[in-house]
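Below is one structure; the comments refer to it alone.
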Amino acid sequence: NISIDATATVSEISNLVASHTANTVGSITISSAVITGTQLDSLLQSIDTVQGDIRLTNLIVDSISMPNLTSSGSLYISSCQSVTTLAFGSLGFVNGTLTLRLMYSLSGSAVSNSFPMLQTVSGE
């Protein structure tokens, strides 16, 4: 599992990025954090399967990108600011719900092709 909250320091996030190599994780919860540069993308880019849910809430982050993710449980992204890129290029199956809400300063172009491979969302 990957979990980051408001108590995480920049160095702790950097260490997590440097040490994380798994392609499959149980769940991802990242909340109430300011994540600079490409740290979040670096952490998430190698993940192709999330067996549980992905919850990204109350973030200030430039980019949310999981280019290799093919399947996950529910995907919940809420209350994020300054996101210029939202990219889930390989995501084809969500075993639950897909929720995007309260995305401040997110332009239409940032989401227009965010889920190009998405075929199935099994939740309500």
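Everything quoted here is computed from the prediction, not taken from an experiment.
Smallest separation of non-hydrogen atoms from P67 and S90: O-OG, 2.7 Å. Considering every non-hydrogen atom in both P116 and G89, the closest pair reads CG-O, 3.6 Å. G96 approaches S74 most closely through the heavy-atom pair CA-OG, 3.4 Å.
Taking the side chain as every heavy atom from C-beta outward, I28 and L56 approach each other to under 4.5 Å. Taking 4.5 Å as the limit, some side-chain heavy atom of T70 sits within range of a side-chain heavy atom of T49. At least one side-chain heavy atom of T24 sits under 4.5 Å from a side-chain heavy atom of D48. Between L44 and N68 there is no side-chain heavy-atom pair separated by less than 4.5 Å. Two residues are said to be in side-chain contact when any heavy atoms from C-beta on lie closer than 4.5 Å; L40 and I64 meet this criterion. Looking at L91 and M66, their side chains never come closer than 4.5 Å, going by heavy atoms from C-beta outward.
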Would you be so kind as to tabulate the donor-acceptor pairs closer than 3.5 Å made by side chains of residues 75-83, with sequence neighbours excluded?
{"unit_1": "Y76", "atom_1": "OH", "unit_2": "R101", "atom_2": "NH1", "d": "3.3"}
{"unit_1": "S78", "atom_1": "OG", "unit_2": "R101", "atom_2": "NH1", "d": "3.0"}

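Here the OG atom belonging to S72 is positioned 8.0 Å from the CZ atom belonging to F88, to the nearest 0.5 angstrom. The distance from the CG atom of L98 to the CZ atom of F115 is 5.0 Å, given to the nearest 0.5 Å.
Hydrophobic clustering (side-chain heavy atoms under 4.5 Å, transitive across Ile, Leu, Val, Met, Phe, Trp, Tyr) keeps L118 apart from F93.
With respect to I35, the side chain to side chain contact (heavy atoms under 4.5 Å, CB included) criterion is satisfied by exactly one of I30, D41, I60: I30.
Within the 3.5 Å criterion, the main-chain N or O of I47 finds no donor-acceptor partner in the side chain of N23.
By the side-chain contact (heavy atoms from CB on, under 4.5 Å) test, S31 is found to be paired with D5, T57, residues two or more places apart in sequence or in another chain being considered.
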Step by step, would you call I2 with T29 a side chain to side chain contact (heavy atoms under 4.5 Å, CB included)?
CA-CA 6 Å; I2 296 174; T29 302; over 6 Å; no
Step by step, work out the side-chain hydrogen bond (donor to acceptor under 3.5 Å, both in side chains) result for N95 and S122.
CA-CA 5 Å; N95 185 20; S122 68; 3.0 Å; yes
